[in-house]
Structure formats: C-alpha cells, structure tokens
There are 2 protein chains.
Amino acid sequence: MTDARNADHKSGRVRSHLERLIDDGLQPHDKLPTERQLADELGVSRMTVRHALNALEADRRVYRVHGSGTFVAEPTIDKTIRLTSFTEDMIERGMKPGTRVIDVGTEYAGATVGSKLNLSPAATVVRIRRVRLADGAPVCLETVHLDAARVEGLLDRELSGSLYELLASHYGTIVSKAEQRIAATVLEPGDAELLDVAPFSAALVVERRTTDQHLRPVEFTRSLYRADRYSFLIDIER
Amino acid sequence: MTDARNADHKSGRVRSHLERLIDDGLQPHDKLPTERQLADELGVSRMTVRHALNALEADRRVYRVHGSGTFVAEPTIDKTIRLTSFTEDMIERGMKPGTRVIDVGTEYAGATVGSKLNLSPAATVVRIRRVRLADGAPVCLETVHLDAARVEGLLDRELSGSLYELLASHYGTIVSKAEQRIAATVLEPGDAELLDVAPFSAALVVERRTTDQHLRPVEFTRSLYRADRYSFLIDIER
DNA sequence: GCGTGAAAGAGGTATAGCCCAATTATTCTG
DNA sequence: CAGAATAATTGGGCTATACCTCTTTCACGC
C-alpha cells in the first residue's frame, strides 16, 4: 500500500527506499545516509531527496539535526480513533445497519464544498442524501459530496450499502484519513421529520472530510445524528 | 510575532507578504496571485514561493487546486483533540481563559458517578460547578466530580484556575488518559442562563473520565459547551 | 449557437549548482 | 597534552530552468 502510494514519482520511490531502510533493522536515533549520499546512490537530485525527507519528517519517521545528520525517529504513540464507515460502526455496536436514499444528483461544487475537495467552484460534484438506520430506526441524515469526475456512474449503482466499500471495489479509492468537526445544533423541521423526531430536537453535526491513499480529498460529508441515539466515544492518551 | 519568526529567510518574508494579503481584505476562496507572478513581483524564485505556500497550506491558510490556482482557505477554528485542560485549550486558540465558580460542595457519589470513579455509591465525592469563559464570554458549564479522599482540602484552594495544574502541584496526580463521550442536547433554562444563551439552544455534552499515571480514575466531568462557540476537530488515520 | 479541440495558464515534480549555518573532525599552537 | 583555531561535513535556503499534468479559455468549424 505504501509502495503503491509512492510509486508515481521519484520522491515517492526515494521515500519508499528510506522507509525500507528504517524498517529493516535500523534503530531509533540511528543515523541515515547523508542527503548528498542518498542523491548519489539513488541517482536523483538532492532536492528530490530533501522532498522525501521532508515528508518523512512531517510524518515523524525521521528527525534532522542541522549540521549533523538525519536520524530515525522514535515510533509515535498516538493513534486515536479509527476510521470506520457507518455500516461497520453499527455492526460493531451490535445493530443492524440500514439505509434509505432520500435523493441523489449532481450540482456545482460551489465555494464551500469546492474548497473541502480541492476542486474549483465550477466543478461538478455528486450529492447523495441518505438516512442511515440502526435496527430500522433513523439515526443519521447524511449529505455526501464527491468529485463527480472520480466516481463516474456512481449514481447508477446501488447506494443503500457502504459507500466506502463501493469506492474501494469500483474506483480503487481507499479512504485512509479524515478530519471530523463535531458540533451541535437543533434540527430544522424538515430534517427532523426525516429523522422521525420532534422539530428542534438536539442533534450532533459531523462534518467529515476524507482523503484517499494518495492524500487527495475523496468526500465531504455533513451528517446530522440524532442526539438521543448516538454519541461519540473518544480515547485520549498522554 | 509572526513577522519576527519569518524575518530571517526569504521564504519567511514571502509568507508574511501572503499573510498580510490574506488578512487585508481577501475573503475565503479568493484567488491568490499565481506562483510565477508572486516570484516575479517579490524578486524570488518560484521554488521559494512554493516553500512559503507549502507552509501556508500546511497551516490551512490556503488551499490549492491543480491547474487552477491557490485560494484563501476558510479560517479553521479548532485543533486536533489532545488531552488538554480548558485553560491550555483556550490559550492555544488565542483566547483568554477565565472561570466563574458557581458552587462547590461534597456529596455521595451515587451509582453513576461512583461507577465512573471506581467508588462505592456511598463514597464521598467533591463536586465543583464552574462556568468557563473565553475572552470573558461563557463557553462551557462544567461539573467536576472527584474522589474526596484523594483531594483533601481542595475546596479551600483557589478554584478559578486550571484544575489539572492544581492536581499535579498539590496532590501529585498527573492526568494521563481520558475517555470522552460527546453528545448533543438542548439547554435547560437554568443552564442556558449560566451560559448566557436562549433557553433550549443547542449544546455539546462532553462526559470525560480521566485517569492518572497509574490508570486510577481521577475525575468524572460533565461539560456543556455552547454549540455556537465551540466544536471539536478530530483527525483520524487509517 | 454549440460543441470541440488546441492553446494558454495554473500548479506539481525534478535537476544541478551555489552559498549559508551548524556541527564535527582535524590541525595547529602554546 | 589541552585548548583553540581551522577545515570538512552536513543540513538549510535559494536560484534558474525544464518539463509534466490538469484546468480554463477561446477561436474554429459545424
């Protein structure tokens, strides 16, 4: 997977090479070859090596000491929440997931969605609105936005299952990172009706921006979760 | 501060220039000058401009669209969730933290709190209710429960600062892990008044159970965050 | 009018080379 | 031999150029 992600460019291959070096036997705080040496050995320019090292440094795989060298970093500990789809999530909670598709279509990205997906505002996005069910009862109203160019024919497919599985099996897109913003709101009457609760009930607003294995944006989704049936659990360390 | 940090290098000055551009009148999603244009205007090479833009992109001040341009990003308010006290949290967000103590006292743990703190329901717990302020305005109403036996004399101390610092300095308790449950609710009139919002406004409910360095429970806290002034941002990997 | 396709314009990647700054190794000197 | 001066090494920064891919524009032909 790592190799697949890195295969496209020289800097990616340099990165893979360095990752292999680190994984095969190097200990934390061991010194890596110098930038000039790596450039020479791998037949690339030093800037390209630096590009790869910058990426590894950002991921805390290595650290640098000016004038001295580049070293293997200690493995980081964190790893917080897992990235799961609603489907997996519900199964894990012991409930039977379900879906009711409300409406689907294409529209212009606009400024907000465009910026989340790194698309121009004039680009076309697919919009899917679905009510997600647990044991038959509404839990969540989600509005998914996807780059239309990357999911051709998606709207002709069966959309009542896991979108992440669909993206993986038919478009080779593996979701691998996400940022979520969690806030609270009260439900508009229309949304409340879809969720089968009284108007102005409390709800969690979750905005999720997902990126794929190449770190390109995949989806931007805004979900409204019924507060009486859903809450987030987060473990925090250190 | 920003300018001081950037003054040393050309790319820093380019960055400062761009930050000034963004702050002076540019709106989110406005297009920035092209990389080549900036390089020309500022008399630096394009690579230097790209260095500056990479830094701004990493800080989410701008975003890029391949083939189209670089644009002003929407201001992001929140950082990733870490185990921080409210005090640290607010300072990090660039706001001045404050506290208004509502009431304090001791009571029986009861079933709910007792189970969270691994205490018998008949054990005595300290309860502290505080309104937390950011730049003088209410953000959060928190109710803290602590094992009374572990924090003797706490209620005689100054409670308007960071509780975590107090626990560390006077009781040798270092908070090191937490589980949080995040849900939504609408505010009861009494709570709404303390938070200075209309009754039945939306709020985030955060229940946090904190354990110390020996993994013994330290506190159980229920906090109500004003939905209009607070949201959580979470990064998820893999 | 209305696609269509080429050209122009944007960011993305890469090269080779220069000098600077911090560290480390070496040499010189008292 | 110890300490100081110096040289070599290493990462940090920047330039100028080249070519790629993707988007947007716009003139051309139907």
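To find a chain, count down the sequence lines: A is the first, B the second, and so on, and within it residues start at 1.
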Student: For the pair made of CZ in A:Arg13 and C1' in C:dA14, what is the distance, rounded to whole Å?
Tutor: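 Distance check: A:Arg13 CZ to C:dA14 C1' gives 11 Å.
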
Student: Of the nucleotides C:dA16, C:dG12, D:dT24, which has the atom closest to the A:Met47 side chain?
Tutor: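 Side chain of A:Met47 sits closest to C:dA16.
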
Student: To the nearest Å, give me how far apart CG (A:Leu53) and C1' (D:dG11) are.
Tutor: 10 Å

Student: Rounded to the nearest Å, what distance is computed from the NZ atom of residue B:Lys10 to the C1' atom of nucleotide D:dC14?
Tutor: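 B:Lys10 atom NZ is separated from D:dC14 atom C1' by 7 Å.
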
Student: I want to confirm an ordering. Mapping A:Pro121 and B:Ser45 to their closest nucleotides on DNA chain D, which one lands closer to the 5' end?
Tutor: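 Whichever sits nearer the 5' end wins; that is B:Ser45.
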
Student: Looking only at side-chain atoms of B:His9, point me to the closest of D:dG13, C:dG11, D:dT23.
Tutor: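 Nearest nucleotide to the side chain: D:dG13.
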
Student: Give a yes or no on whether a salt bridge exists between A:Asp89 and A:Arg93, defined as a side-chain N under 4.0 angstrom from a carboxylate O.
Tutor: yes

Student: Using a 4.5 Å cut-off on heavy atoms from C-beta on, say whether the side chain of A:Leu146 contacts that of A:Leu163.
Tutor: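 Of all side-chain heavy-atom pairs linking A:Leu146 with A:Leu163, at least one is under 4.5 Å.
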
Student: So, is A:Ser11 near the phosphate of C:dA14, with a side-chain N or O under 4.0 Å from OP1 or OP2?
Tutor: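 A:Ser11 to C:dA14 OP1/OP2: side-chain N or O found under 4.0 Å.
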
Student: Does A:Arg46 contact C:dG17 through a side-chain donor or acceptor facing the base, at a distance under 3.5 Å?
Tutor: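 Absent.
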
Student: If you go through the side-chain atoms of B:His66, does one of them form a donor-acceptor pair with the base of D:dT21 closer than 3.5 Å?
Tutor: yes

Student: With a cut-off of less than 4.0 Å, is there a side-chain N or O of A:Ser68 near OP1 or OP2 of D:dG11?
Tutor: no

Student: To the nearest angstrom, how far is B:Asn54 atom CG from D:dG12 atom P?
Tutor: 15 Å

Student: Send over the distance from B:Asp40 CG to C:dG9 P, rounded to a whole Å.
Tutor: 14 Å

Student: What's the OH-P distance between A:Tyr108 and D:dT24, to the nearest Å?
Tutor: 12 Å

Student: Locate the shortest heavy-atom distance separating A:Thr211 from A:Val218; write the atom from each residue and the value.
Tutor: C-CG2, 3.7 Å

Student: Does the B:Asp135 side chain pair with the main chain of B:Lys96, one donor and one acceptor, at a distance under 3.5 Å?
Tutor: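 Here the side-chain-to-backbone pair exists.
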
Student: Is A:Thr70 close enough to D:dT10 that one of its side-chain N or O atoms is under 4.0 Å from OP1 or OP2 there?
Tutor: no

Student: Taking 4.0 Å as the cut-off, does a side-chain nitrogen or oxygen of A:Arg64 come that near to OP1 or OP2 on D:dT10?
Tutor: no

Student: Of all the choices, C:dT15, C:dT13, D:dT15, which nucleotide is nearest to the side chain of A:His51 once you look at every atom?
Tutor: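 Nearest listed nucleotide: C:dT13.
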
Student: Is any side-chain heavy atom of B:Gln27 closer than 4.5 Å to a side-chain heavy atom of B:Val72?
Tutor: no

Student: So, does B:Thr48 get its side chain near the phosphate of D:dT15, meaning an N or O under 4.0 Å from OP1 or OP2?
Tutor: yes

Student: Counting distance alone, no hydrogens or angles: does the base of D:dG11 have a donor or acceptor under 3.5 Å from a partner atom on the side chain of A:Arg50?
Tutor: no

Student: Could you tell me how far apart A:Tyr63 (OH) and D:dG11 (P) are, to the nearest whole angstrom?
Tutor: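 Rounding to the nearest Å, OH of A:Tyr63 and P of D:dG11 are 13 Å apart.
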
Student: Starting from C1' on D:dT17, measure out to CZ on B:Arg36 and report it in whole angstrom.
Tutor: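 Going from CZ in B:Arg36 over to C1' in D:dT17 covers 11 Å.
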
